[in-house]
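In what follows, residues are counted from 1 in the order of the sequence shown.
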Amino acid sequence: MTDDTNPKLYDLSRRRALAGLGAIGIASASAGVGTSAYFSDEESFDDNSITAGEFDLYVDYTTSVDQDEVETGGTPEDGSPNTGTIQGGVSGQYQIADVKPGDSGELGFDPKIVDNSGWVFVGSVDGVTDYENGQTEPEEDVDGTGGGNLDSGTNDGQGAGELSEAIQVTVKYNDPNGGEREFNNPADYTLADLLKELESGFLLDGEPFSSDPSGTQPYPGSPDQTTQNGPGVVIEWEVPTSVGNEIQSDAVEFDITFDALQFRNNGEPENPFADTTVFPGDDLKNIVSNAGQDEIISVFGGTFGDGSSYTNPLNIDTQGLKLARASAERPFIEAQVVASAAKTKLSGFRISPPPADSNPTGEAVRVSNSSDDVVIANNIVEDFEHDTNSSFSEDLSAINVFGGNSADAVENVTVLNNVVRRIDGPSGSGSVGISIQGNVDEATVRGNNISEVGEEESSYAFGVVIRGTDNHSVDPKNVDIVSNDISSVLASDSTPYLGVGFGVEADGTDYLARDNTIDNVNIGVELKGAATETVLTGNSISNIDDSVNDTNYASIPRLYLGDQAGSAPIGMFITDNSYDVPVKSDGPFGPIDNFGTIYQQAIVPQ
């Protein structure tokens, strides 16, 4: 990690531009709230007497809105243009009135640095804030949060609105010479997701359309403020037509800030949005251990620093501590990561621990110790396996949210937009993609891509599972499994146990599995508990692999769903979800394993 040994040079070589989409009021039907967005430039050369060339940041912006198939500028009420430049205190305004489901728009930013090349970071200083603004009668029928007043004339009901999570976004680089390239946008990427990522800052690539040189490059200098040599950034947004009355009268506020640092003599740029910037070769474990409450640690990977991986296990045990990648190059952690404090976040890493040889090392990422409000997002967890030379034979989990204390629940945990793949436990044990286990109250597993779990070697496997623990008898409750892509969860056919797409092995309350895609598994959904507490809707289940049953119980048909208790609403599950073949309710089937498991009812091909 580099130190700032020359603060005068730092002041001289840094520029910031605040480009904030300050507030959008959106309503369903005709109940509209029009609010505004502000852009400004904050920069200073105060008390400096030495200048070496020019280094100034300009950000041109363009806005548009498409409402009812009529494109407008999304301009201020005074009719001023929907384009402008953020620099030297100049501000612009972006107003959207009466936005409804189906409407869309675009924000375009073109950063320019005059005249030296520089590193350009984009971030959000204040993050995102939702407002409920009271509720219309239709909204009250579908949204029980409440908050604010419809007639207050200003945004209120802070934190209760749903708008930022209803707006979907796509972020792109725009080539000034023509063409565009999308960032690695997750499916169903929301405005809330984007702004939460930007709170920790992100280094933009000055040459995203070139593969030579590789890796994130500085922005090229421009000879003047009108010449665009580097790429622009475009944020396209839309309110899907599937969004309902829950957003009526809601509003959202946020800012987007650009920050530039000179490139010359600054090959390791300090992230201006973070408290600490870490480069490969630095002691990340020690930095995390000594971090303060609510700090942001921005971590570089790739060819920055000495280009090495981070090899020491991490315990994020300070409240509010956030670890996030600094650029497109993912930092590589070849060790286990544990989040054991409230309000912590792990975002943007590649994680692949060494083979597990004991129960404490059997999870690549673990949330535990009654840690509330934890976020595990945008990571790749892959290539995790058992140490075959050890006697360890318990489950292997990529991500486990573990409520081990019966008296103190792990609350409000989010597992979001992660990639989990190649999780491989040997025969005699199990492999798990994402697990919600024990005393957990309110967990959301959304937008994750989970594949190659079990790899036809584990005795059993789960893509996503809600389950209890032997430590106590308190099961998870209020768990949402939404919009995940689960595929290739396959067990070995040397034992009679199955690879399960989504499983419930607990008797808690309020489980929701919605809009998930489950493909190429031994059984789509397995319910060993909470059959009447589980809602399945909008899921797609296909390509059931019958190899395990063909080998061990040839009389059992392909299982799209198996219900051990026999109380699940099978008819509703058939009509509310989609299948690749016509299906029917049937059963009982079993016993199907050495434990005498019997599915009292099941969904099978017609």
Side-chain angles (χ1 to χ4, degrees), residues 420-424 430-434 448-466 481 483-505 513-528 531 534-566 568-593 595 597-606:
V420 172
R421 59 194 178 200
R422 297 190 295 275
I423 309 302
D424 181 18
S431 298
V432 180
I434 299 175
N448 302 281
N449 188 305
I450 303 152
S451 64
E452 298 174 85
V453 179
E455 299 197 86
E456 299 184 87
E457 295 185 9
S458 300
S459 290
Y460 56 91
F462 293 95
V464 177
V465 62
I466 303 170
I481 312 297
S483 299
N484 300 283
D485 191 341
I486 304 167
S487 64
S488 298
V489 183
L490 301 170
S492 168
D493 62 10
S494 64
T495 64
Y497 310 104
L498 302 176
V500 181
F502 167 59
V504 176
E505 296 199 331
R514 174 172 55 82
D515 298 335
N516 301 286
T517 298
I518 301 173
D519 180 75
N520 190 31
V521 295
N522 299 133
I523 180 172
V525 176
E526 183 180 62
L527 302 177
K528 290 190 174 182
T534 301
V535 175
L536 301 175
T537 183
N539 302 288
S540 172
I541 305 175
S542 58
N543 293 319
I544 299 300
D545 182 298
D546 209 23
S547 58
V548 174
N549 283 338
D550 279 349
T551 301
N552 296 277
Y553 299 102
S555 62
I556 296 178
R558 283 177 290 158
L559 295 169
Y560 286 81
L561 179 145
D563 169 26
Q564 186 170 323
I570 290 291
M572 185 179 297
F573 288 172
I574 290 174
T575 57
D576 289 354
N577 301 275
S578 63
Y579 307 87
D580 61 338
V581 298
V583 295
K584 65 179 181 179
S585 173
D586 204 350
F589 296 106
I592 65 164
D593 55 36
F595 294 109
T597 299
I598 297 175
Y599 296 130
Q600 299 297 338
Q601 53 181 350
I603 296 177
V604 300
Q606 289 185 6

Quick check against the 3.5 Å criterion: does [X] have a side-chain atom that pairs as donor or acceptor with the backbone of [Y]?
{"X": "Q601", "Y": "A568", "answer": "yes"}
{"X": "D546", "Y": "N549", "answer": "no"}
{"X": "D424", "Y": "E455", "answer": "no"}
{"X": "N552", "Y": "T495", "answer": "yes"}
{"X": "N577", "Y": "L536", "answer": "yes"}
{"X": "N448", "Y": "I450", "answer": "no"}

Grab the two heavy atoms, one from [X] and one from [Y], that are nearest each other, plus how far apart they are.
{"X": "A491", "Y": "G499", "value": "CB-N, 3.7 Å"}
{"X": "P569", "Y": "A531", "value": "CD-O, 4.0 Å"}
{"X": "F573", "Y": "T534", "value": "CZ-O, 3.6 Å"}
{"X": "G566", "Y": "Q600", "value": "CA-CB, 3.5 Å"}

Practice prompt. Answer yes if the side chains of S542 and D519 hold a donor-acceptor pair under 3.5 Å, and no otherwise.
Written response: yes

Discussion item. Please enumerate all residues that pass ring pair (Phe, Tyr, Trp, His ring centres under 6.0 Å) together with Y497, with sequence neighbours excluded.
Written reply: F595

Worksheet item: Sequence neighbours excluded, which residues qualify as ring pair (Phe, Tyr, Trp, His ring centres under 6.0 Å) partners of F589?
Response: none

Item to complete: Just jot down the salt bridge (charged side-chain N to carboxylate O under 4.0 Å, His left out) partners of R422, sequence neighbours excluded, or say none.
Response: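 Listed in chain order: E382, D383.
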
Looking at side-chain heavy atoms only, is the closest gap between [X] and [Y] below 4.5 Å?
{"X": "I556", "Y": "I592", "value": "yes"}
{"X": "P591", "Y": "D593", "value": "no"}
{"X": "V604", "Y": "K584", "value": "yes"}
{"X": "V465", "Y": "V432", "value": "yes"}
{"X": "Q564", "Y": "I598", "value": "no"}
{"X": "I518", "Y": "F502", "value": "yes"}
{"X": "V583", "Y": "I541", "value": "no"}
{"X": "Y599", "Y": "P588", "value": "no"}

Could you measure the distance from the [atom1] atom of [X] to the [atom2] atom of [Y]? Nearest 0.5 Å is fine.
{"X": "I434", "Y": "I481", "atom1": "CD1", "atom2": "CD1", "answer": "8.0 Å"}
{"X": "L527", "Y": "D563", "atom1": "CG", "atom2": "CG", "answer": "5.5 Å"}
{"X": "S494", "Y": "E456", "atom1": "OG", "atom2": "CD", "answer": "11.0 Å"}
{"X": "S459", "Y": "L498", "atom1": "OG", "atom2": "CG", "answer": "11.5 Å"}
{"X": "Y460", "Y": "I523", "atom1": "OH", "atom2": "CD1", "answer": "16.0 Å"}
{"X": "N449", "Y": "S483", "atom1": "CG", "atom2": "OG", "answer": "12.5 Å"}

Discussion item. Tell me every residue that passes side chain to side chain contact (heavy atoms under 4.5 Å, CB included) with D576, counting only those two or more places apart in sequence or in another chain.
Written reply: T537, M572

Worksheet item: What residues form a side chain to side chain contact (heavy atoms under 4.5 Å, CB included) with D545, not counting sequence neighbours?
Response: L490, N520, N522, S547

Worksheet item: Which residues pass the side-chain hydrogen bond (donor to acceptor under 3.5 Å, both in side chains) test with N516, sequence neighbours left out?
Response: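 N516 satisfies side-chain hydrogen bond (donor to acceptor under 3.5 Å, both in side chains) with N484, N539 only.
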
Discussion item. Under the criterion side chain to side chain contact (heavy atoms under 4.5 Å, CB included), I'd like the reasoning laid out for I486 against T517: C-alpha separation, chi angles, the key distance, then a yes or no.
Written reply: CA-CA 6 Å; I486 304 167; T517 298; over 6 Å; no

Worksheet entry | Verdict with reasoning, D586 to I603, per side chain to side chain contact (heavy atoms under 4.5 Å, CB included) | CA-CA 6 Å; D586 204 350; I603 296 177; over 6 Å; no

Item to complete: Salt-bridge test for E505 and K528: reply yes if a basic N is under 4.0 Å from a carboxylate O, no otherwise.
Response: yes

Discussion item. Test side-chain hydrogen bond (donor to acceptor under 3.5 Å, both in side chains) on Y560 and D580; report intermediate values, then the result.
Written reply: CA-CA 10 Å; Y560 286 81; D580 61 338; 2.6 Å; yes

